[in-house]
Amino acid sequence: MTSQTVNAADSGTWMLGDRTVNRLGFKTMRLPQTGEAFSPTAPPRDRDQAIAVLRRAVELGVNHLDTAAFYFSSLRSANELVNRALAPYPDDLVITTKVGPGRAPSGDWLPHADPGRLRGQVEENLRQLGRDHLDVVNLRVVGADSIAERFGALAELREAGLVRHLGLSNVRPHHLAEAVAIAPVVCVQNMYGIGAPREQSEFLDLCGEQGIAFVPFYAIAGTGRTAGATVADSPAIRAVARAHGVGTAQIRLAWTLHRGPHVLAIPGTGDPVHLAQNVAAGSLRLSRDELDALDSPHPEEV
């Protein structure tokens, strides 16, 4: 498949709240720098290249972007790049942001925001993106403590019109139960990929039963996380990739999309070639035998 015929619409669609998105989206985390995300020594990415990748993603049918104000390097901000590349924004573009974590200008991580600071983080995203509202805001969570107070603060911003829809990131089932008792949840963003623990697959299924999008992060990187893929692919992944004439990263993405119609992929890259390959993964159709082979235990994976 050539880059001219690749389109994110081939991955199918999902209603994210009241907005229709193609299931193959784009994560901006890798745009501000080359190398490992959030590393203080990672060189800033060429600005023109980052802007070109964003514009090319939209040309390829991507209409779901995942970003955050804390995605920045010493010279580059993901939100600023999105604003510069895509504003005025296409009518069908859905931008999902995250709040909770914060970083100082030095790049050092700050304590997660309490309810009183969440409004400031939402307003920071609005300012950087040049929007009067945010399409989707995910509350990023660390630990197992109650999120009711923090999610309640975001629900108030939703009622005020600053936020259209709410989601969760890095959460457990009891967090979801807490949240839906306060306000509608349109998506759950959790680490997930080939070899994920059974409880994460059960959580994915639970989201599907409730009509909530499940949005895996690190579907390609796995345990490499912010550093990117650092673990060798299993023989099964390599065999399926050879059979389809594609790279193993594309098979990892295709596998996640096969987990259910409510699963949305958000691979990130600053490389236009990798971008086209990632989008093309949305058109891959894996057989039952291939899925069974990929579902076999892979202890070295996520």
Side-chain angles (χ1 to χ4, degrees), residues 3 6 8 24-90 93-99 101-110 121 124-131 138 140 169 189 191 215-230 247-250 252-253 265-281:
S3 60
V6 166
L24 200 298
F26 183 86
K27 188 178 187 70
T28 67
M29 184 181 73
R30 300 200 177 278
L31 285 182
Q33 71 290 308
T34 61
E36 182 169 359
F38 309 123
S39 170
T41 60
R45 188 177 300 280
D46 179 81
R47 188 167 184 267
D48 290 340
Q49 180 190 16
I51 288 172
V53 166
L54 282 164
R55 290 175 175 168
R56 183 59 178 152
V58 171
E59 290 174 357
L60 293 176
V62 170
N63 59 5
H64 175 214
L65 295 183
D66 174 82
T67 189
F70 56 85
Y71 289 171
F72 64 84
S73 65
S74 58
L75 293 179
R76 304 280 178 261
S77 157
N79 280 353
E80 185 275 331
L81 291 167
V82 169
N83 189 340
R84 176 67 181 85
L86 302 177
Y89 298 106
L93 182 66
V94 175
I95 300 178
T96 298
T97 56
K98 283 180 291 300
V99 295
R103 296 170 70 201
S106 64
D108 293 337
W109 289 100
L110 302 172
Q121 291 190 341
E124 182 181 19
N125 279 282
L126 287 168
R127 176 182 58 79
Q128 292 177 354
L129 290 167
R131 307 283 305 266
N138 289 329
R140 172 77 172 184
S169 177
Q189 239 188 51
M191 183 174 173
V215 189
F217 57 80
Y218 301 144
I220 295 176
T223 53
R225 301 173 69 89
T226 58
T230 58
T248 56
Q250 291 168 282
R252 290 174 180 272
L253 290 174
I266 50 169
T269 182
D271 184 305
V273 174
H274 290 165
L275 169 66
Q277 292 171 344
N278 290 343
V279 173

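Remember, predicted model here, so these are calculated numbers, not experimental data.
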Shortest non-hydrogen contact from [X] toward [Y]:
{"X": "Y218", "Y": "M29", "answer": "CE2-CE, 3.9 Å"}
{"X": "L54", "Y": "F26", "answer": "CD2-CE2, 3.9 Å"}
{"X": "N83", "Y": "Q128", "answer": "ND2-O, 3.0 Å"}
{"X": "T96", "Y": "H64", "answer": "OG1-NE2, 3.2 Å"}
{"X": "L60", "Y": "V6", "answer": "CD2-O, 3.6 Å"}
{"X": "N138", "Y": "S169", "answer": "CB-CB, 4.3 Å"}

Side chains of N79 and T67: any donor to acceptor distance under 3.5 Å?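 Side-chain D/A pair, T67 to N79: present.
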Donor-acceptor pair between S106 and D108 side chains, under 3.5 angstrom: yes
With rounding to the nearest 0.5 angstrom, report the [atom1] to [atom2] distance, [X] to [Y].
{"X": "I220", "Y": "I266", "atom1": "CD1", "atom2": "CD1", "answer": "11.0 Å"}
{"X": "T269", "Y": "D271", "atom1": "OG1", "atom2": "CG", "answer": "5.0 Å"}
{"X": "N278", "Y": "K27", "atom1": "CG", "atom2": "NZ", "answer": "13.5 Å"}

Heavy-atom check, side chain of [X] versus side chain of [Y], under 4.5 Å:
{"X": "L81", "Y": "R45", "result": "no"}
{"X": "N125", "Y": "I95", "result": "no"}
{"X": "Q49", "Y": "P272", "result": "yes"}
{"X": "R55", "Y": "L86", "result": "yes"}

Donor-acceptor contact present, side-chain [X] to main-chain [Y], <3.5 Å:
{"X": "S73", "Y": "P32", "value": "yes"}
{"X": "Q189", "Y": "F217", "value": "no"}
{"X": "Y89", "Y": "G130", "value": "no"}

Y71 and F38 aromatic ring geometry - parallel, tilted or perpendicular at 30°/60° bounds: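 Plane angle between 30° and 60°, so tilted.
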From CA spacing to verdict: side chain to side chain contact (heavy atoms under 4.5 Å, CB included), R30, H274: CA-CA 12 Å; R30 300 200 177 278; H274 290 165; over 6 Å; no
Pair K98, D66 - check side chain to side chain contact (heavy atoms under 4.5 Å, CB included), show working. CA-CA 8 Å; K98 283 180 291 300; D66 174 82; 2.8 Å; yes
Is there a side chain to side chain contact (heavy atoms under 4.5 Å, CB included) between R76 and R47? Walk through the geometry before answering. CA-CA 7 Å; R76 304 280 178 261; R47 188 167 184 267; 3.5 Å; yes
